[in-house]
Enquirer: 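One structure follows; several queries about it will come next.
Just so you know, residue 1 is the first one in the sequence shown, and it goes up from there.
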Amino acid sequence: MNPPYLQSMNLMVVLPEIALLVGACIVLLADAVTNRRAGEGTFPVERLALIALIAPLAAIAFAGSDGTQRYAFGAMVVSDLFGDVLKVCAIIATGVTMIYGRRYTKDREIHRGELYSLALFSLLGQMVMISGSNLLVLYLGLELMSLSLYAMCAIRRDSVLATEAAMKYFVLGALASGFLLYGMSMIYGATGSLDITAIARSIAGGAVSNGVLAFGLVFLVAGVAFKLGAVPFHMWLPDVYQGTPTIVTLLIAGSSKLASFALVFRLLGETLMSTSIHWHLMLIVLAVLSLALGNLAAIAQTNFKRMLAYSAIGQVGFVLLGLLASHGGEARFAGSGFSSAMFYAITYVLTTLGTFGIIQLLARRGLEAEQIADLAGLGRRSPWMAGVMLAMMFSLTGIPPFVGFYAKLAVLQAVIDTGLVWLAVFAVMMSLIGAFYYLRVVKVMYFDEPVDLTPISASGDASTVMAANGLLVLLLGILPGPLMSLCAAAVRQAMQLG
């Protein structure tokens, strides 16, 4: 018979994280032992990293949620459907990023062993965040993810832009982490606990210091708003998107967004739902500012990656709309609001993978393909690649039958159900403005004369993943029901709405 402390560990709950940690260490050691640098030798470190991603997927399939919430390490870690869905999406997003970036890293002589090891450790931090049921565990996961991303931003040490972007990201990220940690300390001071369930129970029972709680809530929202890239905590986003290597940009814009959403959900949805009257107004301000500044500033951009950064700020505004639609604490509002935001976050990451994937496939040695003008004539140079990019732009715009249309519709419906009709109208108006710069990319691809006639080539696996990426954006727009139902079930189980 196992002693009590071993029973409380319940290692099956954290089996996916253990599997990923072992895989990341193997990749790191294999690269160190072989001592291969990019462009030298044939050690397939990227293939080993992709194999390492299979282990946590298998662990989730084997030890994943069986319809109930399971806890480990004294209820500090939770395994539920919400976590399993986001973990699978984050793992797949990281794997797709590696496939897209294989030739990109080789052409730029980026040390792939370091890059892929850091990417795996960043993913480990994301999975810890997604599974966290304790404020300190959430913070530890966040720091593991963030520190890995900081290092990846500066991996091209000979690039002034990359170094500058890494410094800005690090300094502002450290400031945001301080906000978040200070807010958590205030929550602990008000409730006397770091456990999410215990905090929620204390707040619901009224046994808290309301002044300290409200004070901590402000810092908490500021910290998570930075990680999402919401206005006015967005200053780092355009410079980091533009300055970092595109594969690192995609790691920041892809799977890490899912972990940031999980952090917001664990904090606001599970922990502080009964205080929604306080953070509801803050989210309205953040959403309005993000929708307005993101879409208006993107119009003036000529750098494609910088345009996508401002686009991401506008898209975060829609995610915040879904979060604030849960206001009131009623099961009907909370379930539809958070599930629509979760659906939007997943589908946005899917679209982002395709967009930045094409940028990497268009790039070659000596050319980054970062300017919108670099897409000129793509419809004639590579019709299938232009078709995929068209699907991504139409989805981001919200044009049917692509998935972005249904994602926006679900969020707007949740907002209208809570009586915030004016906010839904404002979001639609900002989406119409956003249509200009998205459709401008389509115009450049199909109506501008190509300035570069160099043949575009992509490896077989990258071409296959790109085709699957574009097909999913279309199929999920035509048949969104299964994924939407999965998101709704995951949210209802996590929030115990019945």
Side-chain angles (χ1 to χ4, degrees), residues 93 96 100 250 253-254 257 291 294-296 298-299 301 304-319 321-322 340 343-362 369 372-413 424 427-448 456 463 465-481 483-484:
V96 169
Y100 282 149
L250 184 49
K257 294 296 184 186
L291 287 167
N295 286 295
L296 291 173
I299 294 176
Q301 307 305 315
F304 195 23
K305 288 169 66 176
R306 198 171 183 88
M307 188 205 85
L308 290 173
Y310 282 106
S311 161
I313 294 170
Q315 301 291 340
V316 163
F318 265 95
V319 175
L321 289 181
S340 63
F343 181 86
Y344 198 101
I346 292 173
T347 54
Y348 168 69
V349 169
L350 176 65
T351 310
T352 300
L353 288 171
T355 305
F356 282 99
I358 291 177
I359 294 176
Q360 292 183 79
L361 296 182
L362 289 177
I372 296 176
D374 293 330
L375 299 174
L378 185 61
R380 277 169 280 178
R381 295 175 62 200
S382 178
W384 78 271
M385 198 174 289
V388 173
M389 181 64 87
L390 179 143
M392 301 303 157
M393 293 298 103
F394 278 11
S395 181
L396 289 170
T397 306
I399 297 176
F402 300 99
V403 69
F405 168 76
Y406 185 83
K408 283 182 166 60
L409 183 64
V411 168
L412 292 174
Q413 184 62 57
V428 172
M429 292 174 59
M430 292 300 103
S431 293
L432 290 175
I433 293 174
F436 171 80
Y437 58 83
Y438 290 129
L439 297 182
R440 179 178 60 185
V441 174
V442 177
K443 175 259 181 188
V444 169
M445 289 193 302
Y446 285 97
F447 296 102
D448 286 9
I456 300 172
S463 299
V465 170
M466 179 64 67
N469 204 160
L471 190 61
L472 271 176
V473 169
L474 177 61
L475 289 179
L476 287 175
I478 298 173
L479 298 170
L483 180 57
M484 191 68 207

Enquirer: Might you point out which heavy atoms bring G314 and N295 nearest each other, and give the distance in Å?
Expert: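 For G314 and N295, the tightest heavy-atom pair comes out as CA-ND2, 4.3 Å.
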Enquirer: Looking only at heavy atoms, which two atoms of S395 and G404 are closest? And how far apart?
Expert: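 It is OG-N, 3.0 Å.
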Enquirer: On a heavy-atom basis, which atom in M389 and which in T355 lie closest, and how many Å separate them?
Expert: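 Distance-wise, the nearest heavy atoms are CE-O, 3.9 Å.
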Enquirer: Give the C-alpha distance, both sets of side-chain angles, the deciding distance and a yes or no for side-chain contact (heavy atoms from CB on, under 4.5 Å) between S340 and M484.
Expert: CA-CA 7 Å; S340 63; M484 191 68 207; 4.2 Å; yes
Enquirer: Show your working on side-chain contact (heavy atoms from CB on, under 4.5 Å) between L396 and Y348 and close with a plain yes or no.
Expert: CA-CA 8 Å; L396 289 170; Y348 168 69; 3.9 Å; yes
Enquirer: For residues I299 and Y310, determine if any side-chain heavy atom of one lies less than 4.5 Å from a side-chain heavy atom of the other.
Expert: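 Answer no - side chains too far apart.
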Enquirer: Would you call the rings of F394 and F402 parallel, tilted or perpendicular, where under 30° means parallel and over 60° means perpendicular?
Expert: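 Judged by the thresholds at 30° and 60°, the geometry between F394 and F402 is perpendicular.
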Enquirer: Decide yes or no for P401 and L474: does some side-chain heavy atom of the first lie under 4.5 Å from some side-chain heavy atom of the second?
Expert: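 Side chain of P401 against side chain of L474, heavy atoms only: contact under 4.5 Å found.
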Enquirer: Could you check whether any side-chain heavy atom of K408 comes within less than 4.5 Å of a side-chain heavy atom of Y344, counting everything from C-beta outward?
Expert: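 K408 reaches Y344 side chain to side chain.
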Enquirer: Which atoms form the tightest heavy-atom contact between T397 and A435, and what is the distance?
Expert: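 Closest heavy-atom pair between T397 and A435: CG2-CB, 3.5 Å.
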Enquirer: Enter the distance from Y406:OH to L476:CG here, rounded to the nearest 0.5 Å.
Expert: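 So the gap between those two atoms works out to 11.5 Å.
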Enquirer: Pair Y446, L390 - check side-chain contact (heavy atoms from CB on, under 4.5 Å), show working.
Expert: CA-CA 10 Å; Y446 285 97; L390 179 143; 3.7 Å; yes
Enquirer: Distance from L375 atom CG to D448 atom CG, nearest 0.5 Å?
Expert: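 Rounded to the nearest 0.5 Å, the CG-CG separation comes to 10.0 Å.
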Enquirer: With a 4.5 Å heavy-atom cut-off, do F318 and L412 have their side chains touching?
Expert: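 With C-beta onward as the side chain, the pair touches.
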Enquirer: Does S382 use its side chain to pair, donor to acceptor, with the backbone of L378 at less than 3.5 Å?
Expert: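 Judged by distance alone, no pair lies under 3.5 Å.
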Enquirer: Shortest non-hydrogen contact from R306 to Q301?
Expert: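 Distance-wise, the nearest heavy atoms are CD-OE1, 3.2 Å.
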Enquirer: Indicate yes or no: at least one non-hydrogen side-chain atom of L483 is less than 4.5 angstrom from one of V403.
Expert: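 The answer is no, as the side chains (C-beta and beyond) never meet within the 4.5 Å cut-off.
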Enquirer: Report the C-alpha distance between K257 and T352 in whole Å, list the side-chain angles of each, state the deciding distance to 0.1 Å, and finish with yes or no for side-chain contact (heavy atoms from CB on, under 4.5 Å).
Expert: CA-CA 11 Å; K257 294 296 184 186; T352 300; over 6 Å; no
Enquirer: Identify the heavy atoms of L321 and A427 that sit nearest to each other, and give their distance.
Expert: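 That closest heavy-atom pairing would be CD1-CB, 3.6 Å.
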Enquirer: Please check if the side chain of N469 supplies one atom and the backbone of V465 the other of a donor-acceptor pair under 3.5 Å.
Expert: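 Checked: no pair found.
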Enquirer: Within this structure, what is the CG-CG distance for the pair L472 and L350, rounded to the nearest 0.5 Å?
Expert: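 Output value for this atom pair is 5.5 Å.
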Enquirer: Within this structure, what is the CZ-CZ distance for the pair F356 and F304, rounded to the nearest 0.5 Å?
Expert: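 So the gap between those two atoms works out to 8.0 Å.
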Enquirer: CZ/F436 to CG/L296 distance, rounded to the nearest 0.5 angstrom?
Expert: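 The CG atom of L296 is 12.0 Å from CZ of F436, to the nearest 0.5 Å.
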Enquirer: With a 4.5 Å cut-off on side-chain heavy atoms, are V441 and M392 touching?
Expert: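 No, every pair of side-chain atoms sits at 4.5 Å or beyond.
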Enquirer: Taking atom CD1 of I346 and atom OG1 of T351, what is their separation to the nearest 0.5 Å?
Expert: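 Reported to 0.5 Å precision, the distance equals 12.0 Å.
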Enquirer: Below 4.5 Å, heavy atoms only, C-beta onward: do M430 and I433 meet side chain to side chain?
Expert: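 Sidechains of I433 and M430: in contact.
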